[in-house]
Amino acid sequence: MQQREEKQLEASVDSLISRVSHVKNALHSFIYKLENEYERLTWPSVLDNFALLSGQLNTINKLLRNEKTPSFRTQVIIPLLLSPDRDEDLAKLTEQRVPVFSHEIVPDYLRTKPDPEVEEQEKQLSAEAGRIGPEVAQKQIQTLNKLCSNLLEKLNNPRDDRDADTAGRQNKPSFNPADTNALVGAVAFGKGLSKCRPPGPVAPGHPGQGPMMSGGPTLQQVTIGGTSGQQAGMGGPVAPQQQGQPGKMPSSIKTNIKSASSSMHPYNR
């Protein structure tokens, strides 16, 4: 009977070691992809790796819950030999992870309970949970469920939220129609621009303007008393325009223009 239990335990341990080896290989492959193939790695491939790991862990749990599997909690592991020297056989079995089986390593690798700090935190959390009344606990549970439900809705409907945000941004005006109309009117029709012309060369052919020659004196149109059509040379005085004679050039301005034109003629130089 005892031999049968020992064989059954040995077979269960071998099966468990095999399953854990498969999990280890899957983890090693996934970590390699994350570190070296992250540029080509796609999200569906990541989900496939997670699904593989989840399936292997579920298989291990089923194996441990099987009726034919002996309870490993009743089995006690006792270190028979502790040495600070390197053990090649142990290093080979653990893939060079545990080269020495010493007093410093044994408490960590053969621990069956959490660390003392973790146990203390668990005790504090258990004490706080015991002090909370049923009504307060129920309210906290309802609040947590509401937050989880809202989060799940956002995760399940990301496209609808993105479409709503995009539509909201598109409906917001990004310009001022009044400023746009004023700019178009100013560029196309000169609406709202100043009526004063800047000083500079004036194209010939307009009434009341003398010929323009490079190197000679220039003429400039001047607005006097809010009326236009009066011109003056650079060297002569400007006379006020008589009422009832729009567009008529004073005699003094004509004399100045003739003198300026004769001085600019190439044969008079």
Fill in the blank from the handout: So ring pair (Phe, Tyr, Trp, His ring centres under 6.0 Å) across residues 44-75, not counting sequence neighbours, yields Phe30-Phe50
Completion exercise
Across all chains, not counting sequence neighbours, the side chain to side chain donor-acceptor pair (under 3.5 Å) partners of Asn145 are none
Handout entry: Set of residues satisfying side chain to side chain donor-acceptor pair (under 3.5 Å) with respect to Arg111, sequence neighbours excluded
Key = Asp115
Exercise for the section: Sorted by first residue and then second, give each ring pair (Phe, Tyr, Trp, His ring centres under 6.0 Å) pair with at least one member in residues 78-101; sequence neighbours left out. Expected result: none
Problem - salt bridge (charged side-chain N to carboxylate O under 4.0 Å, His left out) involving Lys113 - partner list, sequence neighbours excluded - result: Glu119
Practice task
Output the rest of the hydrophobic cluster of Phe189: all Ile, Leu, Val, Met, Phe, Trp and Tyr residues reachable through side-chain heavy-atom contacts under 4.5 Å, sorted by chain and number.
Solution key: none
Problem - Other ILVMFWY residues reachable from Val184 by side-chain steps of under 4.5 Å - result: none
Handout entry: side chain to side chain donor-acceptor pair (under 3.5 Å) partners of Gln96, counting only residues at least two apart
Key = Arg86
Handout entry: Partner residues of Asp179 under the side chain to side chain donor-acceptor pair (under 3.5 Å) criterion, sequence neighbours left out
Key = Asn176
Practice task
Return each pair, listed once, that meets salt bridge (charged side-chain N to carboxylate O under 4.0 Å, His left out) where at least one residue sits in residues 92-101; pairs must be two or more places apart or across chains.
Solution key: Lys24-Glu95, Glu95-Arg97
Practice task
Check whether more than 12 heavy atoms from other residues, nucleotides or ligands sit under 6.0 Å from atom CD of Glu10, and answer yes or no.
Solution key: no
Practice task
Looking only at non-hydrogen atoms, find the nearest pair between Asp85 and Val100 and report the distance.
Solution key: O-CG1, 3.7 Å
Exercise for the section: Give the other cluster members for Val118, using side-chain heavy-atom distances under 4.5 Å between Ile, Leu, Val, Met, Phe, Trp and Tyr residues; answer none if it is isolated. Expected result: none
Problem - Nearest-0.5 Å distance, CZ of residue Arg40 to OG of residue Ser45 - result: 11.0 Å
Fill in the blank from the handout: Apart from Tyr32 itself, members of its ILVMFWY cluster (side-chain separation under 4.5 Å) are none
